[in-house]
Amino acid sequence: MARPLPYALLFPRRRRMTVISQKKLHYPIREPLREYLRHYDRETPLPVSYRDLRQIGGSFPLIDRQGRDTLWETVFYEPQALRELSVGLTQVYAQLKTGSDLSFTEHLLADRIDYCRFGNSNPFRVRVVNLLNDNHDYFYVKQADASRVYGLELEHLLSPNQLSYLVSGDTLVEEHIAGIPGDDFIRARLPQQHFNQVRIAKEFVKFNERCFARLLGDMRSYNYVIVVTPDFEDDQYRVRAIDFDQQSYEGRKTMYLPQYFKDNRPVIEMCSKFLKPEAIRQYQTEERVLMMRRVRLERYRLKMLMDCMRRDELAPAAKVAQLKAELNQHHHTTLFSRCRSMGDVVRQNLMLMLGPT
């Protein structure tokens with residue numbers, strides 16, 4: 001197992017922050033990955049597709065409670081189309097949550113659909129209301145992309161978080177991940193300091209380690225959430241990724257380390273303030289051991305996923321070559337030079353950081 005990142009690398013004080021300047025390319029889901037998805041019940045026919053939701057009649061900006069633009073638009077449709085979509089979307093929600101049991105859909109209503117033009121996936125967010133108690137939940141409908149699917153699967157297998165999603169043709173449906181958006185937490189809660197700052201710092205170190213091990217990029221503050229769990233003496237925290245578009249796509253190593261994004265600087269400063277180097281190395285090692293145990297538990301499924309990923313095209317050749325060179329330098333090795341695809345690079349990085357997969 002490779003040594004954890006040095007303290008100076010984990011919390012650089014004077015280093016150029018990472019910036020993403022170009023939109024990610026779209027990569028279709030090919031047959032080997034579809035075979036994997038069918039094998040693990042991730043692919044199933046759905047009554048509503050992403051293309052169906054694109055038949056928008058109009059929209060208006062969605063404003064939050066503080067009067068800020070959320071970058072989402074609430075969309076509307078022709079009355080007949082809306083009725084058909086509402087029925088189909090409640091069935092999609094039921095399939096996502098309960099599999100084939102659609103018996104309770106008569107109590108559900110898809111009462112609002114939001115659309116986001118920002119980012120790579122241009123997702124739709126559907127709000128579903130339970131008419132028996134007015135409780136509501138959300139799910140997302142996106143364009144299916146191979147990078148995103150690999151990101152979801154690696155999160156499901158290697159992180160402490162279980163994910164529910166479905167694929168149908170060119171449509172991807174994801175469950176809503178509840179939590180406080182990272183940018184909201186940094187802006188509104190971090191300055192108050194009315195929480196256990198050491199625990200947040202510890203979780204960010206572990207999150208940073210997970211992202212780098214499986215090469216999940218673009219963890220700017222709005223691409224993860226803070227999950228707060230009350231405990232008998234104090235709150236517990238967990239940092240969870242919610243966007244998987246940039247799974248092993250970029251060529252720069254710093255893209256896979258959340259510490260290098262300008263949005264996360266206040267959290268990094270807090271880590272530097274409250275964590276000693278010995279504690280940081282301890283938390284890094286703890287997270288690697290937990291990931292290694294998950295690899296052992298899911299080794300056959302992970303191998304099948306890696307076999308698909310290694311044969312897939314997931315990034316331009318120039319980005320693959322750049323990442324190979326930078327990871328060779330980082331790990332003081334030449335093993336990445338043998339890699340022929342981004343999947344090979346991910347596998348090699350996991351082997352160096354966690355042991356053979």
Side-chain angles (χ1 to χ4, degrees), residues 22-57 59 72-73 75 77-78 81-82 84-97 99-100 102 110 113-128 138-156 163-177 216-218 223 241-249 304-305 307-316 341-343:
Q22 294 182 342
K23 197 169 184 178
K24 174 188 167 295
L25 297 176
H26 175 83
Y27 292 96
I29 298 176
R30 297 181 178 177
E31 187 54 35
L33 180 55
R34 286 203 184 275
E35 177 76 21
Y36 172 92
L37 295 172
R38 286 192 290 268
H39 184 78
Y40 288 103
D41 296 324
R42 295 294 201 183
E43 183 166 49
T44 185
L46 296 174
V48 175
S49 69
Y50 182 87
R51 187 175 301 177
D52 295 332
L53 291 176
R54 289 297 299 268
Q55 310 304 313
I56 299 170
S59 66
W72 289 83
E73 304 171 8
V75 297
Y77 300 85
E78 296 295 329
L82 180 60
E84 294 174 359
L85 282 175
S86 182
V87 172
L89 289 170
T90 57
Q91 293 175 358
V92 171
Y93 177 78
Q95 287 180 260
L96 185 66
K97 294 294 185 178
S100 58
L102 305 181
I113 303 173
D114 304 322
Y115 176 64
C116 183
R117 302 181 189 274
F118 177 74
N120 293 312
S121 59
N122 299 130
F124 287 92
R125 181 176 60 197
V126 182
R127 185 171 73 175
V128 176
Y138 299 92
F139 70 91
Y140 298 84
V141 182
K142 304 179 180 181
Q143 300 178 73
D145 174 82
S147 301
R148 196 171 303 122
V149 171
Y150 283 119
L152 287 163
E153 271 299 300
L154 287 171
E155 179 75 4
H156 182 77
L163 292 178
S164 179
Y165 72 91
L166 295 172
V167 175
S168 178
D170 295 330
T171 299
L172 171 65
V173 174
E174 298 178 26
E175 68 176 348
H176 174 67
I177 299 175
L216 175 62
D218 192 18
N223 285 334
I242 60 173
D243 192 310
F244 304 94
D245 289 343
Q246 296 278 343
Q247 171 61 50
S248 55
Y249 174 75
M304 186 176 178
L305 181 70
D307 288 346
C308 296
M309 195 175 189
R310 293 171 67 189
R311 296 196 297 267
D312 243 338
E313 180 186 0
L314 298 174
S341 67
M342 195 58 92

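- Nearest heavy atom pair, residue Ala144 against residue His26, reads O-CE1, 2.9 Å.
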Stepwise side chain to side chain donor-acceptor pair (under 3.5 Å) test for Tyr150 and Asp312 = CA-CA 10 Å; Tyr150 283 119; Asp312 243 338; 2.8 Å; yes

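- By the 4.5 Å heavy-atom criterion applied to side chains, Glu84 and Glu78 are not counted as neighbours.
- Checking each of Met304, Glu153, Gln247 against Met309 for a side chain to side chain contact (heavy atoms under 4.5 Å, CB included) leaves exactly one that passes, namely Gln247.
- Between the CG atom of Leu314 and the CG atom of Leu25 there is a distance of 11.0 Å, given to the nearest 0.5 Å.
- In terms of modelled atom types and a separation under 3.5 Å, the side chain of Asp114 and the main chain of Val75 share no donor-acceptor contact.
- Looking only at side-chain heavy atoms (C-beta outward), Ile113 and Val141 stay at 4.5 Å or farther from each other.
- Using a cut-off of 4.0 Å between Lys/Arg side-chain N and Asp/Glu carboxylate O, Arg34 and Glu31 are scored as not salt-bridged.
- Of the possible donor and acceptor atoms, none in the side chain of Ser341 sits under 3.5 Å from a partner among the backbone N and O of Arg311.
- Note that CG of Asn122 is 7.0 Å distant from SG of Cys116, once rounded to the nearest 0.5 Å.
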Given the rule in the side-chain contact (heavy atoms from CB on, under 4.5 Å) test, do Tyr249 and Asp218 qualify, once you have shown the distances and angles that lead to the verdict?
-> CA-CA 10 Å; Tyr249 174 75; Asp218 192 18; over 6 Å; no

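- A distance of 11.5 Å separates CG in Leu163 from CD1 in Ile242, rounded to the nearest 0.5 Å.
- With hydrogens and angles disregarded, a donor-acceptor distance shorter than 3.5 Å links the side chain of Asp145 to the backbone of Tyr27.
- Within the 3.5 Å criterion, the main-chain N or O of Thr171 finds no donor-acceptor partner in the side chain of Ser168.
- Distance CD/Glu35 to CD1/Ile29: 13.5 Å, rounded to 0.5 Å.
- No donor-acceptor pair closer than 3.5 Å links the side chain of Tyr115 to the backbone N or O of Ile56.
- Between Gln143 and Tyr50, the closest heavy-atom pair is CG-CE2, 3.2 Å.
- Of the charged side-chain nitrogens involved, none lies within less than 4.0 Å of a carboxylate oxygen, so that Glu174 and Arg148 do not count as a salt-bridged pair.
- Counting all heavy atoms, side chain and backbone alike, Leu53 lies closest to Tyr77 at O-OH, 2.7 Å.
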Val173 and Leu46: side-chain contact (heavy atoms from CB on, under 4.5 Å), yes or no, with the steps?
-> CA-CA 9 Å; Val173 174; Leu46 296 174; 3.6 Å; yes

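- Between Arg42 and Tyr165 the shortest side-chain heavy-atom distance falls below 4.5 Å.
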side-chain contact (heavy atoms from CB on, under 4.5 Å) between Gln95 and Leu166, intermediate numbers included = CA-CA 9 Å; Gln95 287 180 260; Leu166 295 172; 4.1 Å; yes

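- Taking all atoms of both residues into account, the shortest heavy-atom contact from Pro32 to Cys308 is O-SG, 3.3 Å.
- Contact annotation: the side chain of Leu89 never approaches that of Val128 to less than 4.5 Å [non-hydrogen atoms, C-beta and beyond].
- Not a single donor-acceptor pair under 3.5 Å links the side chain of His176 to the backbone N or O of Phe139.
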What do the steps show when you test Leu216 against Gln246 for side-chain contact (heavy atoms from CB on, under 4.5 Å), and what is the final call?
-> CA-CA 6 Å; Leu216 175 62; Gln246 296 278 343; 5.6 Å; no

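- Side-chain contact, Tyr36 with Asp307: no donor N or O sits under 3.5 Å from an acceptor N or O.
- When the shell of 6.0 Å around CZ of Arg51 is examined, it contains 12 or fewer heavy atoms from other residues, nucleotides or ligands.
- Within the 3.5 Å criterion, the main-chain N or O of Glu73 finds no donor-acceptor partner in the side chain of Ser59.
- One distance of note links CG of Leu154 with OG of Ser248; it measures 7.5 Å at 0.5 Å rounding.
- Taking the six-membered ring for Trp and thresholds of 30 and 60 degrees, Tyr140 and Trp72 have ring planes inclined between 30 and 60 degrees apart.
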